Amino acid sequence: MAIKDIIDKINSDADLETREIIVKAENEVEGIISRAQEEAERLHERMIEEGREKAEKAKARIITMIILEGKKAVLGEKQKILNEVYAKVEERIRGLDDRGYKSLMKRLIMDNCREKEAEVIVGEGDKKRIDGKLVEEVNKALGKKCDVKLV
């Protein structure tokens with residue numbers, strides 16, 4: 001075998017080995033690319049799902065806040081109405097004559113006497129209207145059920 005044949009054989013073997021290495025490398029590259037694409041798709045799906053979850057949570061928070069604001073507004077209106085009712089009741093009570101006022105106070109004391117003893121604390125403006133005589137009438141009406149004292 002001549003040198004030229006040996007060199008051709010070496011070149012031929014080298015070309016064959018180079019092609020095998022290139023094919024093997026291309027296959028590895030394709031595998032890497034395929035795995036990277038699969039991982040990218042999984043990551044993409046996970047990111048989409050996380051985005052959906054975040055959007056749902058944000059939506060739920062917004063709805064909750066809107067509901068709370070609505071309840072707050074309703075409570076505000078209820079408080080306003082109650083304040084108006086209390087003001088009207090207070091006005092009506094203040095407008096009662098002595099007889100009507102004493103009758104109301106007597107009924108309130110009797111309805112709220114739940115213990116064996118009770119004390120009625122009278123403000124400065126009511127000392128003339130709620131007196132010892134009224135307390136005696138209450139005690140007489142209650143009997144031994146409750147002993148009311150004027151403070």
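Positions are given from 1 along the sequence. Because the structure is a prediction, the values reported are computed rather than measured.
Using a 4.5 Å heavy-atom cutoff, the side chains of R46 and E50 are in contact. In this structure, the side chains of K80 and E77 come closer than 4.5 Å at one or more pairs of heavy atoms. Here the side chains of I32 and R35 are in contact, with some heavy-atom distance below 4.5 Å. Annotation: side chain of L75 is not in contact with side chain of Q79 (no heavy-atom distance under 4.5 Å).
Shown here are the side chain to side chain donor-acceptor pair (under 3.5 Å) partners of D97, two or more places apart in sequence or in another chain: there are none. Under the side chain to side chain donor-acceptor pair (under 3.5 Å) criterion, R94 pairs with E90, sequence neighbours left out.
At most 12 non-hydrogen atoms from other residues, nucleotides or ligands lie less than 6.0 angstrom from CD of E17.
Salt bridge absent: K88 and E91 never bring a charged side-chain N and a carboxylate O closer than 4.0 Å. A salt bridge links R52 with E49: at least one charged nitrogen is closer than 4.0 Å to a carboxylate oxygen.
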Salt bridge (Lys or Arg N to Asp or Glu O under 4.0 Å) evaluation trace for R42 with E39
CA-CA 5 Å; R42 279 193 298 272; E39 181 63 26; 2.7 Å; yes
Between K9 and D5, does a side chain to side chain contact (heavy atoms under 4.5 Å, CB included) hold up when you go through it step by step?
CA-CA 6 Å; K9 173 76 172 140; D5 290 336; over 6 Å; no
Distance-only donor-acceptor pairs under 3.5 Å for side chains of residues 120-135, two or more places apart:
| unit_1 | atom_1 | unit_2 | atom_2 | d |
| --- | --- | --- | --- | --- |
| E124 | OE2 | K127 | NZ | 3.1 |
| D126 | OD1 | Y101 | OH | 3.0 |
| D126 | OD2 | Y101 | OH | 3.0 |
| R129 | NE | D98 | OD1 | 3.0 |
| R129 | NH2 | L96 | O | 2.6 |
| D131 | OD1 | K133 | N | 3.3 |
| D131 | OD1 | L134 | N | 3.1 |

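Between the CD atom of E28 and the CD1 atom of I21 there is a distance of 11.0 Å, given to the nearest 0.5 Å. One finds the CG atom of N139 at 10.5 Å from the CD atom of E137 (value rounded to the nearest 0.5 Å). In this structure, the separation between CD1 on I62 and CE on M65 is 8.5 Å, given to the nearest 0.5 Å. Within the model, atoms CD1 of I3 and CG of D8 stand 12.0 Å from one another, a figure rounded to the nearest 0.5 Å. Rounding to the nearest 0.5 angstrom, the gap separating the OG1 atom in T64 from the NZ atom in K71 is 9.5 Å.
Distance alone, capped at 3.5 Å, is enough to place a donor-acceptor pair between the T18 side chain and the A14 backbone. Listed for the S34 side chain is no donor-acceptor partner under 3.5 Å among the backbone atoms of E30. Listed for the D147 side chain is no donor-acceptor partner under 3.5 Å among the backbone atoms of E117.
Hydrophobic clustering (ILVMFWY, side-chain heavy atoms < 4.5 Å, transitive): I66 and V74 are in distinct clusters. The hydrophobic cluster containing L108 also contains V85, counting ILVMFWY residues as joined when their side-chain heavy atoms lie under 4.5 angstrom apart, directly or transitively. Note on V89: it does not cluster hydrophobically with L82, by side-chain heavy-atom contacts below 4.5 Å among ILVMFWY residues.
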